[in-house]
Amino acid sequence: MYSCSDLKKGLKILIDNEPHVIVGFDFTKPGKGQSLYKCKLRNMVTGSLFDRTYRSGENFVPASLVESDMQFLYQDYSGYVFMEQKKSEQTVLTEDVLGDDKYFLVDNMEVKVLMFDERGIGLTLPIFVNLRVTVSDPWVKGDTAAGNNKPATVETGYNLMVPSFVDEGTLIQIDTRTGEYVTRVKE
Amino acid sequence: MAPGLTEKHDRLIQRARIIQTIRAFFIESAFLEVETPQRIPLNAPEANIAPILSGNWQLQTSPELAMKRLLAAGHANIFQISHCWRDEERGRNHLPEFTMLEWYRSHCDYSQLMTDCENLFRYLVPQAQIDYQGHRIVLDQPFERLSVTEAFARYTDSNPQQALAEDRFDELIAFTIEPRLGLDRPTILYDYPAELASLARRKTGLPELAERFELYIAGLELANAFSELTDPEEQRQRFCKEMASSSASENGQPLLPEPFLSDLLKMPPAAGIALGVDRLVMLLTDSRSIDQVVAFTPEDL
């Protein structure tokens, strides 16, 4: 159990059985009054942000979260299926939890899955992922609006801007933190 | 070297000058500077202030009780700059060990202390203008006097009695009222519900209120003042009420600062005030955090 004096930025606690992380914290105490602990909290499952004020005497249950090394297997009707390498146990992450990360998953990719209460609630991808360009029209000379870049779509359906010399069928490297093109991959 | 100590260089010089100027002001005003023990058997019981233990005794949360005993001994006007300790208080405006200025006047009530505040600030800031975190506060006109009741009516959807009943008083003061006080000139927030001022005298004719005020500048709470309660019996009862929500008792008998209670009989009518020196330095050096105006925070040690 945590007490109010343990509250600080980065602490993970349970609220209504959901894991929350403190992203902003301020202690205040009006003259002769009670100690007030004002927290900005982020729900680690839904991502929603909100403020809540606690007072001395309140207690908090730590949210125990573990990161597991997993391998991406496949996508089916239930969502995105991962397997924990050590235990051969499978975990399904929904499209909502993945957000744009779903575009950077390739079969057998090794990732870290954030687990809470046997549920996968977040994903850490490798920083770079290689994906093949499936659609990209040839660059039209004189189209200066986009500089020397042109739009492209990769095998997972993700759209991004690539340099003019990247053709359909080219394998490219993408930075999963920014979602941007890095380089062509030699095959 | 502790992080940031080099950047604190100028502020620490200003801090020393501010404290020297405070001392000069009170000496010129014919106050006696006093020193009282900082390690004491017992602090005044207050529901929301936790003392730090030192052996079987406590570090002072305020020099209030000892200073009032000096009033009872006939020292009419006294001041002290000393360290105080309050457990588990740490934030942008709080340190568990901080510096407090307290001054007491015999045969006066809290309205004289309001005037003292005006004079002290004009003495500290001869240009009569403070720029703090984007606010310009002028000192060359009387400070705003705003009652707690008026403040609730002006800034909230509640009133002090209702807020107390709903246990929202502290939150409304801290998050709704305080940030709006003292933004263009200092604000004196006065006359608190009596249950929030266990050492203050009740207001004549309005016993539900106590003669207590707080000084705010740029939303920062700087000082807390009372017309002092001098009736030992009422003081004993109000201490016991405070203790109902704290833990200092022995064999079920409440443990009270008895030497203080017995000296209270001899204490003349008086008024006293406590002003946070670190916050004053924050204000006068335009510092956002109390960490910037002390050489070392607990985390630096």
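We name chains A, B, ... by the order of the sequence lines, and we start the count at 1 in each one. It should be emphasised that the depicted structure is a prediction, and the values quoted were computed from it without experimental measurement. Values below: every heavy atom of this structure, side chains too, minus hydrogens, waters and symmetry copies.
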side-chain hydrogen bond (donor to acceptor under 3.5 Å, both in side chains) evaluation trace for B:Glu88 with A:Ser35: CA-CA 9 Å; B:Glu88 297 201 340; A:Ser35 293; over 6 Å; no
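Using cut-offs of 30° and 60° for the angle between ring planes, the B:His94 and A:Phe27 rings count as perpendicular. The aromatic rings of A:Tyr103 and A:Tyr158 sit tilted, their planes meeting at an angle between 30° and 60°. Below 30°, between 30° and 60°, or above 60°: for B:Tyr110 and B:Phe213 the angle between ring planes is between 30° and 60°, a tilted geometry.
With salt bridges taken as basic N to acidic carboxylate O contacts below 4.0 Å, one links A:Lys112 and A:Asp69.
Looking at B:Phe169, there are no atoms closer than 4.5 Å to chain A (heavy atoms on both sides), in backbone or side chain. Contacts between B:Asn93 and chain A at a heavy-atom distance below 4.5 Å are absent for every atom of the residue. With a 4.5 angstrom heavy-atom cutoff, A:Thr28 touches chain B via backbone and side-chain atoms both. Proximity to chain A involves both the backbone and the side chain of B:Arg92, based on heavy atoms less than 4.5 angstrom apart. For A:Tyr37, the part lying under 4.5 angstrom from a heavy atom of chain B is the side chain only.
Comparing B:Ile49, B:Asp167, B:Ile177 by how many heavy-atom pairs each has under 4.5 Å with chain A, the most go to B:Asp167.
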